[in-house]
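Single-structure report; data block below.
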Amino acid sequence: MKKAFITGINGQDGSYLSEHLVDLGYEVFGMIRRHSVSENQTYRIEGLNNKITTFYGDINDQQSISNILKKVQPDEIYNLAAMSHVKVSFEVPSFTLKTNGLGVLNLLEAYKAICPKAKFYQASSSEMFGNSIDSDGFQRLTTPMNPTSPYGCAKVLAYNLVNHYRNAYKLHASNGILFNHESPRRGVNFVTNKVVKGAVEIKKGLRTKLALGNLDSSRDWGHSYDYVRAMHLIINNVKPRNWIVSSGQNRSVRDLCEYVFKFLGLNYKDYITQDEKYLRPEELKYLKGDSSEIRELLDWKPTYSFEAMIDEMVDSWMKKI
Ligand code: F7E
């Protein structure tokens, strides 16, 4: 039985990845950071209660990571722990750099010392590209990285550390550069779930307006269910390397609003307002990823269209509210 260790196991991706690995017959272990309010921290993995083992730990606490790795001796390590909100990273830049950058260094050091035969996956992000776009309108592995947020800067640091540890110490360490990926389990302060939840509340008469930030930015949105499958394919490729995971299509935040409100029989223009507090000091305007390599070489393809994903999210909020 293969053993997988997942940091950030209680997040959106951690929960889908755990389900996938349990289905594949893995023994799954995960690390959870203690919050002062313990309620709701593990709701995404509650269905897996008896099938996975979790430990308290923190990527900023070298000792905690080392202790867990010694106990588990994993075959695969998935680093999904991060301060994941780009806008919040402007408010806590130092914490973001520490967690998303130096935290990865802590994990790589423990991995090299304790279980160097394991394989390692790093959750890299399209936010690393910033506003660089190739002339054909896509971002790919060769696109220059010009991050536009503390979050993006930290992810570039971690990306380079993973490349460096792979080259210097011959570790099986890979980066998956994932473009935005969503689901009903997405946090409600990310734009897809914020719009879907807000529109459902409006439909049910619980509110009259929804305030957003930049409606013109475009994102390449896929489903987390599909993207965690890519993580598993990436870590199991014979040769460690970097990959792009994306849908290859993009839409603006305005398109997202139009689709969601229309689905509910409403016109978004009657309800959406703009509030400066949701704007970022520097905006990343456009993301569209070229994932042709992972499709061709690892036979990965998404099962969800943008529409099917949003429909699932609307359905989930219609039942919840
Ligand atoms: O914003 C715009 C906002 O916060 C998407 C993370 O998973 O993907 C995610 O980062 C777009 C941006 O995601 C609101 O300005 C407008 O242009 O859903 P988001 P993100 O910043 O793209 C990358 C790949 C990651 O790695 C990250 O971890 O929507 N937008 N109005 C808004 N965004 C939010 N959150 N709230 C608004 O009211």
Side-chain angles (χ1 to χ4, degrees), residues 8 11-14 16 79-92 96 99-101 103-104 122-133 139 143 145 147-159 175-183 185-199 201 207 209-224 227-228 230-231 244-247 250-260 268 271-289 291 306 309-310 313:
Q12 169 187 258
D13 292 359
Y16 280 109
N79 182 36
L80 312 185
M83 202 305 286
S84 64
H85 202 283
V86 174
K87 170 75 165 56
V88 174
S89 79
F90 292 96
E91 280 143 54
V92 288
T96 305
T99 306
N100 299 6
V104 182
Q122 164 62 12
S124 282
S125 163
S126 52
E127 187 72 20
M128 300 189 302
F129 295 118
N131 285 315
S132 295
I133 313 167
Q139 285 98 4
T143 307
M145 291 181 180
T148 50
S149 62
Y151 173 88
C153 293
K155 285 286 180 180
V156 172
L157 169 58
Y159 175 81
N175 284 290
I177 304 181
L178 269 53
F179 283 60
N180 297 52
H181 44 286
E182 320 292 313
S183 75
R185 299 182 199 172
R186 187 58 141 152
V188 289
N189 56 353
F190 292 90
V191 79
T192 51
N193 221 8
K194 178 174 171 181
V195 169
V196 173
K197 178 171 181 263
E201 285 170 345
R207 65 193 294 170
K209 295 283 173 203
L210 179 67
L212 295 176
N214 185 3
L215 298 182
D216 296 317
S217 64
S218 290
R219 289 292 183 273
D220 176 329
W221 280 297
H223 198 299
S224 172
Y227 287 32
V228 301
M231 294 178 188
I244 297 275
V245 183
S246 67
S247 79
N250 65 358
R251 288 172 178 77
S252 67
V253 173
R254 194 183 303 281
D255 295 336
L256 164 74
C257 293
E258 193 177 352
Y259 182 80
V260 172
Y268 80 97
Y271 306 100
I272 297 291
T273 59
Q274 277 191 285
D275 189 327
E276 274 189 8
K277 78 172 178 215
Y278 297 115
L279 297 176
R280 297 161 186 200
E282 191 178 359
E283 292 283 341
L284 195 170
K285 300 187 195 90
Y286 176 103
L287 286 174
K288 188 164 78 162
S291 50
F306 172 81
M309 176 181 80
I310 297 294
M313 292 169 75

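One-based numbering, in listed order, for ligands and for the atoms of each. The first residue of the sequence shown is numbered 1, and numbering continues consecutively from there.
- The stretch residues 80-89 participates, sequence neighbours left out, in these side chain to side chain donor-acceptor pair (under 3.5 Å) pairs: K87-E91.
- Salt bridge status for E201 with K197: present, with a side-chain N to carboxylate O gap under 4.0 Å.
- Legend: residues meeting ring pair (Phe, Tyr, Trp, His ring centres under 6.0 Å) with H181, ordered by chain and number and at least two apart, are Y227.
- Between the side chain of S291 and the main chain of S246, a donor-acceptor pair closer than 3.5 Å is present.
- Using a 4.0 Å heavy-atom criterion, the residues that approach ligand 1 are S84, H85, V86, S125, S126, Y151, L178, N180, R186, N189, F190, V191, K194, L212, G213, N214, S217, R219, V253, Y278, R280, E283.
- Between the side chains of Q122 and N79, a donor-acceptor pair is found at a separation under 3.5 Å.
- The side chain to side chain contact (heavy atoms under 4.5 Å, CB included) search around S125 returns E127, Y151, K155, not counting sequence neighbours.
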